[in-house]
Engineer: 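What follows is a structure written as structure tokens; I'll ask about it next.
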2 protein chains.
Amino acid sequence: MSALSPLTPHQATIFNLLKTLESEVSAQMIYAELRQQKHRLGLATVYRGLKHLQLQGAVQARLLSNGEAVYSLVSEEKLYVTCVKCGISVPLAYCPIDEQVLPQALSLRFKIFYHTLEFFGLCSPCLEQETVA
Amino acid sequence: MSALSPLTPHQATIFNLLKTLESEVSAQMIYAELRQQKHRLGLATVYRGLKHLQLQGAVQARLLSNGEAVYSLVSEEKLYVTCVKCGISVPLAYCPIDEQVLPQALSLRFKIFYHTLEFFGLCSPCLEQETVA
DNA sequence: AATGATTAAGATAATGATTATCATTTTAAC
DNA sequence: GTTAAAATGATAATCATTATCTTAATCATT
């Protein structure tokens with residue numbers, strides 16, 4: 001991850017909160033938590049801050065099957081097993097060397113139907129926009 | 001993919017439409033297309049039919065970053081590159097042997113921030129429910 | 001320090017895909 | 001053929017997210 005462009009106080013607050021968490025959190029949860037901590041910010045600011053951090057490559061987002069997005073620091077590659085029925089999504093350790101990951105998933109008693117590997121980043125037009133802007 | 005439990009006419013119609021398509025489609029698009037073809041069905045039926053097919057392991061879903069779900073037949077593993085800014089998502093050929101996939105993505109001029117690998121299936125409780133029900 | 005321009009933030013309305021609801025129809029079993 | 005179960009249609013409800021618009025903060029320049 002390259003150096004972050006300067007963050008506003010709110011953006012830094014959000015970023016710092018994410019640093020203290022080990023699991024993914026939704027924007028709504030971040031909002032609730034920060035309000036709990038007596039920070040005065042709006043929900044829209046949380047969404048905007050997360051978007052900003054994401055465009056910096058500092059934060060990653062993942063969509064749960066209920067349509068909710070969860071955020072975390074950009075980290076080592078992660079592997080999830082998600083139930084297509086109830087939507088439960090559990091993270092697994094993933095070792096790219098040892099492809100014994102499927103048996104591990106099966107040991108959790110998941111019946112696997114399919115999997116998806118996705119890369120996220122900026123497409124060329126958006127990258128240019130970010131670079132000049 | 002194991003044998004499908006009997007499909008209702010509408011479910012079969014949806015399944016057959018997916019068979020004729022090579023790209024992912026949203027439920028809304030399926031609905032519009034089938035209405036176009038003079039099929040009399042409701043939008044809710046499309047969603048229910050897709051859910052049913054998904055629980056059979058016949059259809060896979062993927063959430064776009066705009067929150068919309070797109071569906072396709074369960075197929076070979078697929079790899080996508082998604083822009084975190086504009087949300088454009090382009091499929092790539094994926095060869096599990098040849099890990100030259102990142103260079104390929106880069107050749108498309110994506111600046112990659114992170115990637116995610118997800119398995120989808122049924123968790124143990126849901127699998128039992130499906131089995132008995 | 002004041003000015004003007006740009007960006008950030010707050011509050012809240014609008015959006016839109018998906019899900020829930022419920023009455024009705026179809027299907028399947030006995 | 002009657003009954004129970006499942007499927008369907010139509011539409012209202014949900015809810016995370018985005019858009020909007022006004023106000024506040026920031027910052028460079030004079």
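Values below: all heavy atoms of this structure, side chains included; hydrogens, waters and symmetry mates excluded. Just so it is clear, the model here is predicted, and its values are computed rather than measured. Naming convention: chains lettered A, B, ... in sequence-line order (proteins, then strands); numbering from 1 in each chain.
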Engineer: Could you tell me whether E22(B) atom CD has more than 12 heavy atoms of other residues or ligands within 6.0 Å of it?
Structural biologist: no
Engineer: Validate the cation-pi geometry between R62(A) and Y80(A): distance from NZ or CZ to the six-membered ring centre under 6.0 Å, angle to the ring axis within 45°.
Structural biologist: yes
Engineer: What are the two closest non-hydrogen atoms of P6(B) and H52(B), and how far apart are they?
Structural biologist: O-NE2, 4.3 Å
Engineer: What I want to check is whether the side chains of Y47(B) and Q28(B) have a donor and an acceptor closer together than 3.5 Å.
Structural biologist: yes
Engineer: Give, for atom CD of E118(B) and atom CG of L63(A), the distance between the pair rounded to the nearest 0.5 Å.
Structural biologist: 9.0 Å
Engineer: May I have the distance from L7(B) (atom CG) to dT8(D) (atom P), rounded to whole angstrom?
Structural biologist: 10 Å
Engineer: Can you figure out which of dG9(D), dA10(D), dA16(D) approaches the side chain of R35(B) most closely?
Structural biologist: dA10(D)
Engineer: Whole-Å distance between dT8(D) P and H52(B) NE2?
Structural biologist: 9 Å
Engineer: Does R40(B) reach a base, just sugar-phosphate, or nothing at all? Heavy atoms under 4.0 Å.
Structural biologist: sugar-phosphate
Engineer: Give a yes/no answer on whether the side chain of H10(B) brings an N or O atom under 4.0 Å of OP1 or OP2 in dA7(D).
Structural biologist: no
Engineer: Looking at NZ of K85(A) and OG of S65(A), how far apart are the two atoms once the value is rounded to the nearest 0.5 Å?
Structural biologist: 13.0 Å
Engineer: Check the distance between dA7(D)'s P and L50(B)'s CG and give it to me in whole angstrom.
Structural biologist: 15 Å
Engineer: Closest approach of V59(B) and Y114(A), non-hydrogen atoms and distance?
Structural biologist: O-CE2, 4.2 Å
Engineer: Please round to the nearest 0.5 Å and tell me the distance separating atom NE2 of H115(A) and atom OG1 of T82(A).
Structural biologist: 13.0 Å
Engineer: Paired with dT23(D): which nucleotide, if any, by Watson-Crick or G-U wobble criteria at under 3.5 Å for both distances?
Structural biologist: dA8(C)
Engineer: Nearest whole angstrom, please: distance from the C1' of dT17(D) to the CG of L63(A).
Structural biologist: 11 Å
Engineer: Which nucleotide of DNA chain C is the first, and which the last, in the 5' to 3' direction, to come under 4.0 Å of a heavy atom belonging to chain B?
Structural biologist: dA17(C) to dT21(C)
Engineer: Please state how far atom CD in E68(B) lies from atom P in dA16(D), giving the value in whole angstrom units.
Structural biologist: 19 Å
Engineer: Mind checking who dT30(D) pairs with, Watson-Crick or G-U wobble, both distances under 3.5 Å?
Structural biologist: dA1(C)
Engineer: Base contacts versus sugar-phosphate-only contacts with protein, heavy atoms under 4.0 Å: please encode nucleotides 23-28 of chain D as B, S and - from 5' to 3'.
Structural biologist: ------
Engineer: Whole angstrom is fine here: how far is it from CG in L43(B) over to C1' in dA13(D)?
Structural biologist: 14 Å
Engineer: Taking CG from L41(B) and P from dT8(D), how many angstroms apart are they, rounded to a whole number?
Structural biologist: 9 Å
Engineer: Judged by modelled atom types alone, do Y31(B) and Q36(B) share a side-chain donor-acceptor pair under 3.5 Å?
Structural biologist: no
Engineer: How many Å lie between OH on Y71(A) and P on dA16(D), as a whole number?
Structural biologist: 12 Å
Engineer: Of the listed nucleotides (dA10(D), dT8(D), dA16(D)), which one gets closest to any side-chain atom of A44(B)?
Structural biologist: dA10(D)
